[in-house]
Structure formats: C-alpha cells, structure tokens
Amino acid sequence: MNQNQKLVCRICGNNHNNKTFVAKEMMLGLKDEFTYFECSKCRCLQIAEFPEDMSRYYPSGYYSFRKVKRGSVKSLTGFLHKLRVKSGILPGYNFPGSIVDTLLPFRNTAFLKGRVKDTDARILDVGCGNGEKFLEPLYRAGFRNVAGCDPYLEEEMTGSGVPAVYKKELSEMKGEWDVITFNHSFEHLANPLETLQEASNLLIQGGYCIIRIPTASSFAWQHYSVNWFQLDAPRHFFLHSVQSIRYLAEKANFELQDVVFDSTHHQFTISERYKKGKTMKERSYSTTFGRLANVIKKFKFGLQARKLNREKRGDQAIFYLKK
C-alpha cells in the first residue's frame with residue numbers, strides 16, 4: 001500500500017490520489033511540523049494525525065479565552081453599539097439604524113441577518129471561547145436568549161447581566177434552539193459529522209446551523225499552499241471545501257441553503273509574512289514609513305479580497321445550513 005492509500009478522507013472516505021503537505025505552526029512561532037493532506041474527491045484539506053496533546057497550541061493567553069472587557073450599555077457608545085448590532089441583524093429595524101449599519105456595520109454579528117426574526121431568538125454558539133466577540137455584543141443589544149458552550153474554558157460564566165457560557169461539549173447541551181452557530185470553531189473539531197448531527201438534534205425544524213470557517217475552496221490556498229495563514233497548523237484539523245460541507249450537510253439532514261464569502265486582507269498580509277518565514281508575532285514594520293506602507297498594503301489587499309469574495313474564491317465563508 002502506498003502513502004496515498006493510507007490517507008483516508010474522514011469526510012467522504014476517499015483514499016486515492018490524496019496529496020500530502022507539511023505545514024508549520026506559525027501563529028505562536030513554535031514552527032512544529034505537521035502533515036496535512038487534500039482529498040482528491042471532496043477537496044477537504046485535513047491533518048493526517050491528530051496531536052495527542054493540544055494544550056501546547058492553546059496557551060492560557062490564547063485570544064479567544066481572554067477576559068471580557070464589558071462597557072456600559074447606558075452610555076452613548078453603548079447605545080450606538082446596540083443600534084449597530086440590531087440594525088445589522090433585523091431587516092428594517094429602523095431608519096437611523098439602517099444608516100448606522102451602512103456607515104458602521106458590526107461584522108461580528110451581521111452574518112445572522114435574514115436568519116433571525118427578533119431579539120427573542122434562541123441562539124447557541126459552539127466553541128464560543130469567552131463570548132466577547134459574538135455573544136456579548138448580542139446580549140448587550142437585547143438578545144437575551146443567547147448562550148455558548150466550550151469545553152476548553154477555564155470556568156463557566158453565568159449569572160445576571162451576562163450571556164451564559166458553559167464549559168460543555170455540544171453533546172451535553174439541552175433545550176431547543178432556533179440558530180446554532182460555529183463562529184470560526186468548526187475547523188477545530190475532530191468529529192465534524194457527529195457534531196452536525198448533534199446540532200440537528202438540538203435545532204427546531206426550519207432552524208439554522210451557521211458555520212463560519214476558512215475554506216480550501218479559495219485562491220489563498222491555491223496560491224500560498226502551506227504558507228496560507230488560515231491553515232493554522234495544528235489547531236485547524238479540517239479546512240473544508242464547499243464540496244465537503246455540502247457532503248456533511250446532506251449526511252446530517254441539512255440543506256445547504258447559501259454560501260457567502262467574507263474574506264479580508266489577512267489572506268494576503270499574513271500569508272505573505274509566513275511566506276517570508278516570519279511568524280504572526282513578528283512585526284512587519286519598524287518605522288513610521290513602514291507603518292504607512294502597511295496601511296496602504298492592507299487597503300490594496302482589502303480591495304482584492306472583496307473581488308475574490310464576489311468571485312466566490314475568498315479564503316473564508318459563511319455556510320447557511322437549514323434543517
């Protein structure tokens with residue numbers, strides 16, 4: 001049996017002509033090496049072997065576990081925040097809100113638009129971390145029936161005035177939910193099909209499972225290969241393609257209703273840094289001129305990202321699965 005035959009795709013079961021790659025851990029600067037392979041059938045890029053101990057790659061300072069800094073919802077800033085979030089999610093919320101949404105869109109929650117009818121929606125975020133970027137803004141905007149679960153939390157966060165965040169696996173969660181989100185967490189999971197089946201069991205009929213992930217169906221993966229920053233070895237176990245998500249959705253009794261690409265300049269700015277051997281922590285500039293050049297570069301790459309999104313070739317996407 002040759003090397004390719006040993007590499008069986010965990011998504012579709014294909015074991016022929018799967019191409020291997022060696023990627024390095026670059027975000028923390030450890031540069032440990034890991035083997036990945038791309039399925040020749042469903043095009044899912046996946047790690048060949050799951051590391052036995054992932055704690056080395058999720059240190060205590062990992063960004064999604066940092067303490068939440070809560071502001072006052074009674075301040076002017078708090079009022080504008082509430083307006084931004086609501087107007088970005090609820091169609092026709094109000095005229096001032098539509099103006100605010102156009103000028104200052106709140107991208108962390110806007111992907112819920114069209115899938116949430118009102119602030120009573122029951123929303124569960126899986127792999128939520130501390131909840132700061134998604135659950136906290138929703139709660140402060142008046143969405144009270146939101147919660148999150150993450151087995152890697154140091155402690156649960158529950159109580160009055162905060163969204164509930166549980167130190168649990170999805171399989172341990174109870175109740176019925178209108179929307180279940182995987183907000184850049186699905187790529188970290190070792191059991192994607194089982195996870196989607198569990199999500200389906202918790203959703204109401206007609207409910208949505210929304211998955212935001214980096215995708216191998218992208219220019220960035222084709223162009224940068226293992227220097228693509230969203231490969232993020234070894235934390236990202238699966239870099240799904242549109243085909244592999246469609247395959248999983250059908251297996252888990254979902255309809256893949258829509259795919260929206262929402263990539264940013266990072267697919268270029270950080271991947272270019274990795275290409276030069278620089279890690280995420282290393283600064284790419286040291287002078288005022290360098291900072292200015294960096295701003296210009298981000299703007300230029302931002303325009304390219306928008307073009308790729310329109311062409312459905314950006315390096316991250318939102319998958320809307322309906323039960």
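Values below: every heavy atom of this structure, side chains too, minus hydrogens, waters and symmetry copies.
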- Message: Any salt bridge linking Glu25 with Arg235? Criterion: basic side-chain nitrogen under 4.0 Å from a carboxylate oxygen.
- Response: yes
- Note on the structure: Checking Glu187, Gln230, Gln267, His266 against Gln316 for side chain to side chain donor-acceptor pair (under 3.5 Å), the one that qualifies is Gln230
- Would you please indicate yes or no on a ring centroid separation below 6.0 angstrom for Phe319 and Phe254? no
- Query: Looking at OG1 of Thr109 and NZ of Lys86, how far apart are the two atoms once the value is rounded to the nearest 0.5 Å?
  - Reply: 12.5 Å
- Would you please test Tyr58 and His188 for side-chain hydrogen bond (donor to acceptor under 3.5 Å, both in side chains) and show each step? CA-CA 11 Å; Tyr58 291 105; His188 296 258; 2.6 Å; yes
- Item | Criterion side-chain contact (heavy atoms from CB on, under 4.5 Å) on Lys31 and Thr279, from CA distance to verdict | CA-CA 9 Å; Lys31 296 192 177 181; Thr279 67; 3.8 Å; yes
- Contact summary for Pro234 and Ile47, nearest pair of heavy atoms: CB-CD1, 3.9 Å
- Would you check if the side chain of Thr158 reaches a backbone N or O of Ala164 as a donor-acceptor pair within less than 3.5 Å? no
Name every donor-acceptor pair, under 3.5 Å, that has one atom in a side chain of residues 209-217 and the other anywhere in the protein, sequence neighbours excluded.
{"residue": "Arg212", "atom": "NH1", "partner": "Asn183", "partner atom": "OD1", "Å": "3.1"}
{"residue": "Arg212", "atom": "NH2", "partner": "Asp262", "partner atom": "OD2", "Å": "2.8"}
{"residue": "Thr215", "atom": "OG1", "partner": "Ser217", "partner atom": "N", "Å": "3.0"}
{"residue": "Thr215", "atom": "OG1", "partner": "His240", "partner atom": "O", "Å": "2.8"}
{"residue": "Ser217", "atom": "OG", "partner": "Val242", "partner atom": "N", "Å": "3.0"}

- With sequence neighbours left out, what residues match Glu272 under side-chain hydrogen bond (donor to acceptor under 3.5 Å, both in side chains)? Tyr224
- Hey, could you give me the CE/OH distance between Met26 and Tyr274, rounded to the nearest 0.5 Å? 6.0 Å
- Would you check if the side chain of Asn17 reaches a backbone N or O of Ser40 as a donor-acceptor pair within less than 3.5 Å? no
- Message: Keeping Asn108 on the side-chain end and Lys133 on the backbone end, is there a donor-acceptor pair under 3.5 Å?
- Response: yes
- Output for pair (Leu189 CG, Glu194 CD), nearest 0.5 Å, gives 10.5 Å
- Item | Residues Thr264, Arg107; criterion side-chain contact (heavy atoms from CB on, under 4.5 Å); working and verdict | CA-CA 12 Å; Thr264 69; Arg107 304 190 187 283; over 6 Å; no
- Task: Hey, could you give me the CZ/CD1 distance between Phe182 and Ile318, rounded to the nearest 0.5 Å?
- Result: 15.5 Å
- Would one find more than 12 heavy atoms of other residues, nucleotides or ligands at under 6.0 Å from atom CZ of Arg10? yes
- Shortest non-hydrogen contact from Tyr36 to Ala233? OH-CA, 3.3 Å
- Quick one: does Leu7's side chain get under 4.5 Å of Thr35's, heavy atoms only? no
- Query: Do the side-chain N and O atoms of Tyr166 and Glu172 include a donor-acceptor pair separated by under 3.5 angstrom?
  - Reply: no
- Message: In terms of relative ring orientation, are Phe134 and Phe111 parallel, tilted or perpendicular, with 30° and 60° separating the classes?
- Response: parallel
- Message: Between Asp178 and Lys117, does any NZ, NE, NH1 or NH2 come within less than 4.0 Å of an OD or OE carboxylate oxygen?
- Response: no
- Output, in order, the C-alpha distance, side-chain angles, deciding distance and verdict of side-chain contact (heavy atoms from CB on, under 4.5 Å) for Tyr247 and Cys42. CA-CA 8 Å; Tyr247 182 91; Cys42 73; 5.6 Å; no
- Take Asp125 and Leu138 through the test side-chain contact (heavy atoms from CB on, under 4.5 Å) and record every step on the way to the result. CA-CA 11 Å; Asp125 189 35; Leu138 285 174; over 6 Å; no
- Ala199 versus Leu170, closest heavy-atom pair with distance: N-CD2, 3.9 Å
- Closest non-hydrogen contact found for Phe143 with Asp118 is CE2-O, 3.6 Å
- Message: Test your reading of the model: is there a side-chain donor-acceptor pair from Lys322 to the backbone of Gln257, 3.5 Å cut-off?
- Response: no
- Query: Is the number of heavy atoms from other residues, nucleotides or ligands within 6.0 Å of NZ (Lys167) greater than 12?
  - Reply: yes
- Message: Let me check something: do Phe229 and Leu30 share a hydrophobic cluster, defined by ILVMFWY side-chain heavy atoms less than 4.5 Å apart, either directly or through other members?
- Response: yes
- Query: How far apart are the C-alpha atoms of Trp221 and Phe21, what are their side-chain angles, what is the distance that settles it, and do they pass the ring pair (Phe, Tyr, Trp, His ring centres under 6.0 Å) test?
  - Reply: CA-CA 12 Å; Trp221 164 239; Phe21 305 85; 5.0 Å; yes
- Task: Answer with yes or no whether the hydrophobic clustering places Val22 together with Leu239; edges join I, L, V, M, F, W, Y residues whose side-chain heavy atoms lie under 4.5 Å apart.
- Result: no
- Taking all non-hydrogen atoms of both residues into account, name the closest pair between Cys128 and Leu135 and its distance. CB-CD1, 3.9 Å
- Task: State whether the number of non-hydrogen atoms from other residues, nucleotides or ligands found under 6.0 Å of Glu49 atom CD is greater than 12.
- Result: no
- Query: Within the distance-only criterion (no hydrogens, no angle test), does the side chain of Asp315 pair as donor or acceptor with the backbone N or O of Ser263 below 3.5 angstrom?
  - Reply: no
- Query: Would Met54 end up clustered with Leu231 when hydrophobic side chains under 4.5 Å apart are linked, directly or stepwise?
  - Reply: yes
- Task: Assess whether atom CG of Asn201 is packed by more than 12 heavy atoms of other residues, nucleotides or ligands within 6.0 Å.
- Result: yes
- Message: I need the minimum non-hydrogen distance between Pro192 and Phe238, along with the two atoms involved.
- Response: CD-CE1, 3.7 Å
- How long is the gap from NZ on Lys323 to CD on Glu255, to the nearest 0.5 Å? 14.0 Å
- Message: Hydrophobic cluster membership, with links at side-chain heavy-atom distances under 4.5 Å among I/L/V/M/F/W/Y: are Ile204 and Val179 in one?
- Response: no
- Message: Is any side-chain heavy atom of Leu90 closer than 4.5 Å to one of Thr119?
- Response: yes
- Just how far is it from atom CG of Leu308 to atom OG of Ser218, taken to the nearest 0.5 Å? 8.5 Å
- Query: Does the Ser200 side chain pair with the main chain of Leu196, one donor and one acceptor, at a distance under 3.5 Å?
  - Reply: no
- Under 4.5 Å between any side-chain heavy atoms of Glu169 and Cys149, yes or no? no
- Message: With a 4.5 Å cut-off on side-chain heavy atoms, are Cys39 and Asn18 touching?
- Response: yes
- List for me each residue that meets side chain to side chain contact (heavy atoms under 4.5 Å, CB included) alongside Phe301, sequence neighbours excluded, and say none if there are none. His265, Phe268, Thr269, Lys297, Gln304
- Message: Are more than 12 heavy atoms, taken from residues, nucleotides or ligands other than Lys275, located less than 6.0 Å from that residue's NZ atom?
- Response: no
